[in-house]
Amino acid sequence: VSRTPVIQTTANATLTQMLNVVFQRLEVGISGTAPSSSSSLSVIQRDAFLVFRSLCKLSMKPLPEPLPSDDSIELRSKLLSLQLLYSIIQNSGQTFRSGEKFVWAVRQYLCVSLLKNGVSPIAPILQLSLDLFVAVIRFFKDHLKSEIGVFFSNILLRILETPNSSGQQKLLVVQSLRVLVRDPQLIVDLFLNYDCDLEGKGIFSSMCDDLSRLSCTVHVETTEQDALLKTLALEMLVDITDSMVQWERDNKDGAADGAE
């Protein structure tokens with residue numbers, strides 16, 4: 001395995017392009033433009049499914065103890081698999097996002113990978129896992145209510161609430177959550193699906209509580225990272241308020257348009 005940056009970059013780009021072809025064929029094939037035979041369509045679906053499952057399994061492989069160096073094959077393999085999975089989810093089409101087989105694969109394989117990698121002390125792994133989770137919420141929230149709730153409670157909120165979590169881990173979580181809270185509909189969905197559910201976990205209220213606590217935390221010696229974390233937590237509370245106001249305005253405007 002080459003350690004030359006240029007060769008690694010070229011290989012990564014080639015793999016990404018190959019994956020794009022596989023999943024573009026999936027979308028084109030299902031839409032009926034090509035190919036037309038059911039047998040060809042079945043092969044395309046199988047290829048896409050097996051590639052996705054293999055990458056999920058590769059991303060779940062545990063790293064050796066003690067943790068390997070940055071240029072180790074094990075770490076690079078895990079990072080590459082997570083990067084490729086992110087590319088698949090981010091660029092996926094309606095066929096992948098709504099197909100029963102692929103939704104099942106996301107639930108059975110990708111969600112398990114995210115739960116395993118979402119607690120990693122290695123920043124690049126955690127960052128990619130968070131990016132993947134944001135993409136999964138955007139495109140699969142209608143199919144993965146319980147899985148999303150588990151990830152919020154067991155990974156995101158736990159990192160914010162646990163004193164043993166590093167400042168970098170908390171910072172990465174807050175930065176990822178900020179992307180989500182800027183979506184007005186998503187904020188309302190979180191509240192309705194989890195806080196208004198009698199058996200829910202109160203994710204929205206817990207997130208607001210954790211952000212409030214972070215914004216008010218006093219350190220004996222405040223580092224630049226601590227100051228940034230406090231600022232981002234406070235800004236997120238403002239973003240949440242803005243999103244709720246925007247959602248109310250959008251719905252009021254929609255109701256007014258309907259009345260006309």
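Fair warning: this is a prediction, and the values are worked out from it, not measured in the lab. Index from 1, following the sequence.
Put simply, the side chain of Pro124 does not reach to within 4.5 Å of the side chain of Leu82, judged on heavy atoms. Counting heavy atoms from C-beta outward, Phe133 and Leu156 have side chains that approach closer than 4.5 Å. Taking 4.5 Å as the limit, every side-chain heavy atom of Gln108 sits out of range of all side-chain heavy atoms of Val112. You'll find the side chain of Ile89 reaches within 4.5 Å of the side chain of Leu110, heavy atoms only.
Taking NZ of Lys201 as the start and OG of Ser153 as the end, the distance is 5.0 Å to the nearest 0.5 Å. Note: Tyr86 OH to Asn91 CG = 8.5 Å, rounded to the nearest 0.5 Å. In this structure, CG on Leu211 lies 10.5 Å from SG on Cys216, to the nearest 0.5 angstrom. A distance of 10.0 Å separates CG of Leu80 from CG of Leu128, quoted to the nearest 0.5 Å. To the nearest 0.5 Å, atom OG of residue Ser59 and atom CG of residue Asn117 are 5.5 Å apart. Interatomic distance, Ile137 CD1 to Asp189 CG, rounded to the nearest 0.5 Å: 10.5 Å.
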message: Please determine whether side-chain contact (heavy atoms from CB on, under 4.5 Å) holds for the pair Met236 and Leu232, giving the CA-CA distance in whole Å, both sets of side-chain angles, and the decisive distance to 0.1 Å.
response: CA-CA 6 Å; Met236 267 190 65; Leu232 286 176; 5.7 Å; no

task: Evaluate side-chain contact (heavy atoms from CB on, under 4.5 Å) for Leu190 paired with Phe152, printing each intermediate quantity in order.
output: CA-CA 10 Å; Leu190 283 177; Phe152 256 103; 3.9 Å; yes

Steps toward side-chain contact (heavy atoms from CB on, under 4.5 Å) verdict (Phe23, Leu26): CA-CA 5 Å; Phe23 287 90; Leu26 173 69; 4.2 Å; yes

message: Using the rule given for side-chain contact (heavy atoms from CB on, under 4.5 Å), can you reason through Ile187 versus Trp247, listing the C-alpha separation, both sets of side-chain angles and the distance that settles it, and then say yes or no?
response: CA-CA 9 Å; Ile187 283 294; Trp247 184 87; over 6 Å; no

task: Report the C-alpha separation of Ser212 and Asp209 in whole Å, then their side-chain angles, then the decisive distance to 0.1 Å, and conclude whether the side chain to side chain donor-acceptor pair (under 3.5 Å) test is met.
output: CA-CA 5 Å; Ser212 298; Asp209 289 342; 5.5 Å; no

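Other residues, nucleotides and ligands contribute at most 12 non-hydrogen atoms within 6.0 Å of the NZ atom of Lys61. Applying the 6.0 Å contact sphere to CE of Met244 captures no more than 12 heavy atoms from other residues, nucleotides or ligands. Around atom CZ of Arg107, more than 12 heavy atoms belonging to other residues, nucleotides or ligands sit under 6.0 Å away.
A donor-acceptor contact shorter than 3.5 Å is absent between the side chain of Arg178 and the backbone of Asp239. A distance-only check finds no donor-acceptor pair linking the side chain of Ser215 to the backbone of Leu234 [under 3.5 Å]. In terms of modelled atom types and a separation under 3.5 Å, the side chain of Ser77 and the main chain of Ile73 share no donor-acceptor contact. Side-chain atoms of Tyr194 come within 3.5 Å of backbone N or O of Lys145 as a donor-acceptor pair. Looking only at distances, no side-chain donor or acceptor of Ser120 sits under 3.5 Å from a matching main-chain atom of Lys116. Panel note: side chain Asp195, backbone Ser205; a donor-acceptor pair is recorded below 3.5 Å. Side chain of Glu27 to main chain of Phe96: a donor-acceptor pair is present (N/O by atom type, distance under 3.5 Å, no hydrogens or angles). Side-chain N or O atoms of Arg213 include one that pairs as donor or acceptor with a backbone N or O of Leu160 at under 3.5 Å. Formation of a donor-acceptor pair under 3.5 Å by the Ser166 side chain with backbone atoms of Gln169 is found in this model. Under a 3.5 Å cut-off, the side chain of Arg97 and the backbone N or O of Ser92 do form a donor-acceptor pair.
Here the two rings, on Phe52 and Phe102, have centers that are 6.0 Å apart or farther.
Both Leu50 and Leu15 belong to a single network of hydrophobic side chains, linked directly or stepwise wherever heavy atoms of I, L, V, M, F, W or Y lie under 4.5 Å apart. Placement of Val245 and Met207 in two distinct hydrophobic clusters is found when ILVMFWY residues are connected by side-chain heavy-atom separations under 4.5 Å, directly or transitively. Hydrophobic cluster membership differs between Leu75 and Leu58, with clusters built from Ile, Leu, Val, Met, Phe, Trp and Tyr side chains linked at under 4.5 angstrom.
The shortest heavy-atom contact between Ile159 and Lys170 is O-CE, 3.4 Å. What you find for Ile203 and Gly149 is that their closest heavy atoms are CD1-CA, 3.6 Å. Of all non-hydrogen atoms in Leu85 and Cys56, the two that sit nearest each other are CD2-SG, 3.8 Å. In terms of heavy-atom proximity, Ser176 sits nearest to Leu130 at OG-CB, 3.2 Å. For Ile88 against Leu55, the heavy-atom pair with the smallest separation is CD1-CD1, 3.7 Å. Across Ser98 and His143, no two heavy atoms sit closer than the pair CA-NE2, 4.3 Å.
Under the ring pair (Phe, Tyr, Trp, His ring centres under 6.0 Å) criterion, Phe140 pairs with no residue, sequence neighbours left out.
Under the 30°/60° scheme for interplanar angles, the aromatic rings of Trp104 and Phe49 are found to lie parallel.
Residues Lys78 and Glu74 are not paired through a salt bridge, judged by the lack of any N-O separation under 4.0 Å between the basic side chain and the carboxylate.
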